[in-house]
Amino acid sequence: MADPQISVPRVRFAPSPSGYLHIGGARTALFNWLWARKHGGSFVVRIEDTDQERSSLESVRAILESMKWLGMDWDEGPEVGGAHEPYFQSERKALYKAAADKLIAEGKAYRCYCTKEELDAQREALKAKDPKAQFRYPGTCRNRQDQPDLPYVVRFKTPSEGATVFDDLVFGKISTPNSQQQDFVLVRPNGLPLYNLAAVVDDHAMGINLVARGRDHIGNTPQQVMLYEALGYEVPRFAHLPMMLSAKGEKLSKRHASVSVSEYQDKGYTAAGVLNYLARFGWSSGDQEIFTVQELIDKFDWAQVGKSDGKFDQKKFADVAFEHLKQSELTSDAEYLDLVRPFLADAGISDPDPKILREALPLIRERAHDLKDAAHHLDFYFRQPPIFEEKATKKFLKPESAEYLRGFAAAISALDSWTAEALETAFKSYVEAQDVKMKVVAQPVRVALSGRSASPGLFEVMIVLGKDLSLQRLEEGALRAEEAQTTA
RNA sequence: GGCCCCAUCGUCUAGCGGUUAGGACACUGGCCUCUCACGCCGGUAACACGAGUUCGAAUCUCGUUGGGGUCACCA
């Protein structure tokens, strides 16, 4: 395989602003970004908004926001500018027109006055005659000499003989017979270019030397190669990525759960987790599953990118994301707290005691699988009283529990050292004195402290809450337990 | 349908002529245990099929089957 590092990489991510940043698009952006960062190259973002109907500024904003959230910064593009401005194709019309004019002047392209309606009619007529037949533009205007004062499109004179070949970094040599190609349209009647022309002109103008994109673009590549050659441009390297499919193996679309990056953000996954999963989708580095962003940059290589399509696995993704939250080497305490704060606010806790937060964090690490979950695990420390889960209360705060709650409270209220060890010793001797199983006391205590039947270890929770609040909650729990009797 | 591409556990994958085919997720048996979780030990589970090439094929070649992509005045 040829060395893709012939020069410092200039790669790009070129979304069309017709929706949010798609999870598959994010992976394409990621592979480009990793490659640029690894080799000190440039990562360019270009907005492909030549289709006025579908493009919106709102989409541009959403896509850029998601890129930023993921931490994929761009060296050139919207907002940051660069040496090849502008980065919106809708603002680069002159360039495309010049290229189209040049092609026409050299006899490599021509004006076509056939209307869309006429062509659609021909297409349908053919379909009616032979449903399997494939309609190709018949070349009606190919050798036309006159230039009527009518709307026209510009078509490329595609050679009908031979084949167009390119060497893909992932798939190797791909050869397509030119007979498959038709005289495709370069410019619309309104003067705006179509994708193939615009992409080629811009990639050349912007000095892009590696075009990495989804495999669904393989079919466009031969046309683009022809354009590069016709325009006298150097052909860049290409790298096509295998498809990211839904769990059912279908092409990812809005119909499937969570296709937009912002959804993952809202659900409480971290950017590092998303990036890690995305990177491992189609790429691997031996048996390693968990990577920091820096490791991704260091280890990414096209040679390790696979060819076969994959299905998105929500469970695996959730696990990778969890791993990043669990390990303090991956997400530091300070980072974690910054990340969880907005989710706590959503849960109604807008000004959490930083001391409690710090002390509770270690208890959350191995329990919270995402940030929403983390906020939930954290919330009872701050709510006074905590929210009592009905099932837990009903099951464990029964009248006979009141005695244990008060008894245990009495046993620990005398403690002069409020440590987990001291609490555990006191708990055990109390349980022993009562001659009951530990859980008989433990569960009512847990519910009294947290409002839930599941929580971190009792003594750890009491340390975080502190002596006063712990004793208060035990007493309040006892009251609740007694109340259960009267209302039962 | 034409053209292009792909094919290892259910899923993501390691493997790049000689391995008891490895890891991770999921599933599952057990341990730990004040609950939940984490963790630890173990288990089920894959080279799509058929011909070659070779002393030897998951690895190379061809075919079959299956899957995907693409055939626009979308990108």
Side-chain angles (χ1 to χ4, degrees), chain A residues 14-18 48-51 53-55 89 112 114-116 119-120 123 130-137 151-155 168 171-172 174-177 179-182 184-190 192 194-196 198-199 213-222 240 242-243 245 247 249-251 277 280-290 303-304 306-320 322-323 326 363-369 377 392 396 424 427-428 431 437-443 445-447 450 452-459:
Chain A
S16 71
S18 56
E48 309 226 322
D49 56 350
T50 55
D51 187 338
E53 251 85 280
R54 304 188 192 195
S55 301
Q89 290 191 324
C112 168
C114 300
T115 64
K116 189 167 196 314
L119 261 20
D120 285 346
R123 201 187 316 268
D130 179 2
K132 287 176 192 162
Q134 177 193 167
F135 177 77
R136 280 204 187 76
Y137 178 67
Y152 62 86
V153 299
V154 178
R155 284 184 187 274
D168 193 277
F171 289 96
I174 295 178
S175 175
T176 309
S179 58
Q180 284 300 307
Q181 242 64 72
Q182 61 175 330
F184 53 95
V185 176
L186 263 20
V187 183
R188 295 178 170 89
N190 68 5
L192 286 175
L194 252 24
Y195 168 68
N196 283 131
R213 77 246 281 201
R215 187 170 69 80
D216 48 341
H217 283 282
I218 283 186
N220 285 316
T221 311
H240 288 91
M243 301 258 107
L245 274 18
E250 302 166 307
K251 195 166 178 177
Y277 180 75
R280 276 287 287 100
F281 200 100
W283 170 81
S284 62
S285 181
D287 283 340
Q288 188 171 350
E289 300 282 353
I290 304 300
Q304 300 304 322
K307 299 175 185 171
S308 40
D309 299 339
K311 298 173 185 169
F312 188 94
D313 185 344
Q314 175 58 36
K315 292 239 179 81
K316 174 89 172 190
F317 164 70
D319 181 71
V320 171
F322 172 44
E323 209 62 42
K326 192 171 60 184
L363 311 182
I364 298 318
R365 287 267 186 195
E366 60 210 22
R367 265 169 264 262
H369 288 241
H377 281 293
F396 296 114
E424 183 164 7
F427 178 79
K428 283 188 171 154
V431 165
K437 287 190 173 182
M438 283 211 276
K439 65 169 88 173
V440 173
V441 179
Q443 284 305 80
V445 168
R446 187 183 316 285
V447 177
S450 68
R452 299 171 190 163
S453 57
S455 79
L458 293 179
F459 317 119

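What you are looking at is a predicted structure, and each value in this text was computed from that prediction instead of being measured. Numbers restart at 1 for each chain; the letters A, B, ... are given by sequence-line order, proteins then strands. Values below: every heavy atom of this structure, side chains too, minus hydrogens, waters and symmetry copies.
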Nearest to the side chain of [X], which nucleotide is it out of [options]?
{"X": "A:K326", "options": "B:rG39, B:rA75, B:rU13", "result": "B:rG39"}
{"X": "A:S308", "options": "B:rC4, B:rU8, B:rC12", "result": "B:rU8"}
{"X": "A:P177", "options": "B:rC4, B:rC25, B:rA75", "result": "B:rC4"}

Query - Stepwise side chain to side chain contact (heavy atoms under 4.5 Å, CB included) test for A:T221 and A:I174 - result: CA-CA 10 Å; A:T221 311; A:I174 295 178; over 6 Å; no

Just how far, in rounded Å, is [atom2] of [N] from [atom1] of [X]?
{"X": "A:I290", "N": "B:rU13", "atom1": "CD1", "atom2": "C1'", "value": "14 Å"}
{"X": "A:K311", "N": "B:rC6", "atom1": "NZ", "atom2": "C1'", "value": "13 Å"}
{"X": "A:Q314", "N": "B:rC27", "atom1": "CD", "atom2": "P", "value": "13 Å"}
{"X": "A:W283", "N": "B:rC12", "atom1": "CH2", "atom2": "C1'", "value": "13 Å"}
{"X": "A:D168", "N": "B:rC4", "atom1": "CG", "atom2": "C1'", "value": "12 Å"}
{"X": "A:F312", "N": "B:rC25", "atom1": "CZ", "atom2": "P", "value": "16 Å"}
{"X": "A:H369", "N": "B:rC36", "atom1": "NE2", "atom2": "C1'", "value": "10 Å"}
{"X": "A:E48", "N": "B:rC74", "atom1": "CD", "atom2": "P", "value": "14 Å"}

Side chains of [X] and [Y] in contact at under 4.5 Å (non-hydrogen atoms):
{"X": "A:Q288", "Y": "A:R280", "result": "no"}
{"X": "A:H377", "Y": "A:L363", "result": "no"}
{"X": "A:R446", "Y": "A:L458", "result": "yes"}
{"X": "A:R215", "Y": "A:D168", "result": "no"}
{"X": "A:P222", "Y": "A:Q181", "result": "yes"}

Between [M] and [N] - [atom1] atom distance, rounded Å:
{"N": "B:rA48", "M": "B:rU11", "atom1": "P", "result": "12 Å"}
{"N": "B:rA26", "M": "B:rA37", "atom1": "P", "result": "13 Å"}
{"N": "B:rC25", "M": "B:rU44", "atom1": "C1'", "result": "15 Å"}
{"N": "B:rC49", "M": "B:rU8", "atom1": "P", "result": "11 Å"}
{"N": "B:rC60", "M": "B:rG18", "atom1": "C1'", "result": "15 Å"}
{"N": "B:rU61", "M": "B:rC27", "atom1": "C1'", "result": "39 Å"}
{"N": "B:rC47", "M": "B:rA14", "atom1": "C1'", "result": "13 Å"}
{"N": "B:rU70", "M": "B:rU54", "atom1": "P", "result": "42 Å"}

Restricting both atoms to N or O, compile the protein contacts to nucleotides 70-73 of chain B shorter than 3.5 Å, with distance only.
from: B:rU70; atom 1: OP1; to: A:K251; atom 2: NZ; distance (Å): 2.8
from: B:rC71; atom 1: O2'; to: A:Q134; atom 2: OE1; distance (Å): 2.5
from: B:rA72; atom 1: O5'; to: A:Q182; atom 2: NE2; distance (Å): 3.3
from: B:rC73; atom 1: N4; to: A:C114; atom 2: O; distance (Å): 2.8
from: B:rC73; atom 1: N4; to: A:K116; atom 2: N; distance (Å): 2.4

Heavy-atom donor-acceptor pair, [X] side-chain to [N] base, under 3.5 Å:
{"X": "A:D287", "N": "B:rG22", "value": "yes"}
{"X": "A:R367", "N": "B:rC36", "value": "yes"}
{"X": "A:E289", "N": "B:rG23", "value": "yes"}

Query raised in the report: If only atom types and distance count, is the side chain of A:D309 paired as donor or acceptor with the main-chain N or O of A:P242 below 3.5 Å?
Result: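 Side chain of A:D309 to backbone of A:P242, a donor-acceptor pair under 3.5 Å: no, none is there.
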
Query raised in the report: Is a side-chain N or O of A:R213 found less than 3.5 angstrom from the main chain of A:A14, in a donor-acceptor match?
Result: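 Pair absent, no side-chain N/O of A:R213 close to backbone of A:A14.
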
Could you please name the partner base of [N], counting Watson-Crick and G-U wobble pairs only when both distances are under 3.5 Å?
{"N": "B:rG39", "value": "B:rC31"}
{"N": "B:rU19", "value": "none"}
{"N": "B:rC71", "value": "B:rG1"}
{"N": "B:rA24", "value": "B:rU11"}
{"N": "B:rG50", "value": "B:rC62"}

Query raised in the report: Reckon A:S179 touches a base, only the sugar-phosphate, or nothing at all at heavy-atom distances under 4.0 Å?
Result: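 It contacts nothing in the nucleic acid.
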
Query raised in the report: When we call it a touch if two heavy atoms are under 4.0 Å apart, what does A:T176 touch: a base, just sugar-phosphate, or nothing?
Result: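 Sugar-phosphate, no base atom in range.
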
Query - Residues that A:F281 engages under side-chain contact (heavy atoms from CB on, under 4.5 Å), provided they are two or more places apart - result: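 A:F281: side-chain contact (heavy atoms from CB on, under 4.5 Å) contacts with A:R27, A:M244, A:Y277.
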
Query raised in the report: Counting only side-chain N and O atoms of A:K316, is one of them less than 4.0 Å from OP1 or OP2 of B:rU11?
Result: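 False: A:K316 side-chain N/O out of range (4.0 Å or more) of B:rU11 OP1/OP2.
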
Query raised in the report: Does A:S453 have a side-chain nitrogen or oxygen under 4.0 Å from the phosphate oxygens OP1 or OP2 of B:rU35?
Result: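 Answer no for this pair, as no side-chain N or O of A:S453 is under 4.0 Å from OP1 or OP2.
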
Can you tabulate the close N/O pairs, meaning under 3.5 Å, that link protein atoms to atoms of nucleotides 30-34 of chain B?
from: B:rC34; atom 1: O2'; to: A:R446; atom 2: NH2; distance (Å): 3.3
from: B:rC34; atom 1: O2; to: A:R446; atom 2: NH2; distance (Å): 2.4
from: B:rC34; atom 1: N3; to: A:L458; atom 2: N; distance (Å): 3.4

Query raised in the report: Under 30°, 30 to 60°, or over 60°: which ring-plane class applies to A:H217 and A:Y195, parallel, tilted or perpendicular?
Result: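 Judged by the thresholds at 30° and 60°, the geometry between A:H217 and A:Y195 is tilted.
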
Requested in this report: Could you pick out which residue, A:F317 or A:P242, lies toward the 5' side of RNA chain B when each is mapped onto its nearest nucleotide?
Outcome: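 Nearest nucleotide further toward 5': that of A:P242.
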
Query raised in the report: Honestly, is A:R155 close enough over A:Y137, meaning NZ or CZ under 6.0 Å from the six-membered ring centre and within 45° of the axis?
Result: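 Here A:R155 passes the 6.0 Å and 45° test against A:Y137.
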
Query raised in the report: Can A:D319 and A:K316 be counted as an ion pair, charged N to O under 4.0 angstrom?
Result: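 No, A:D319 and A:K316 are not salt-bridged.
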
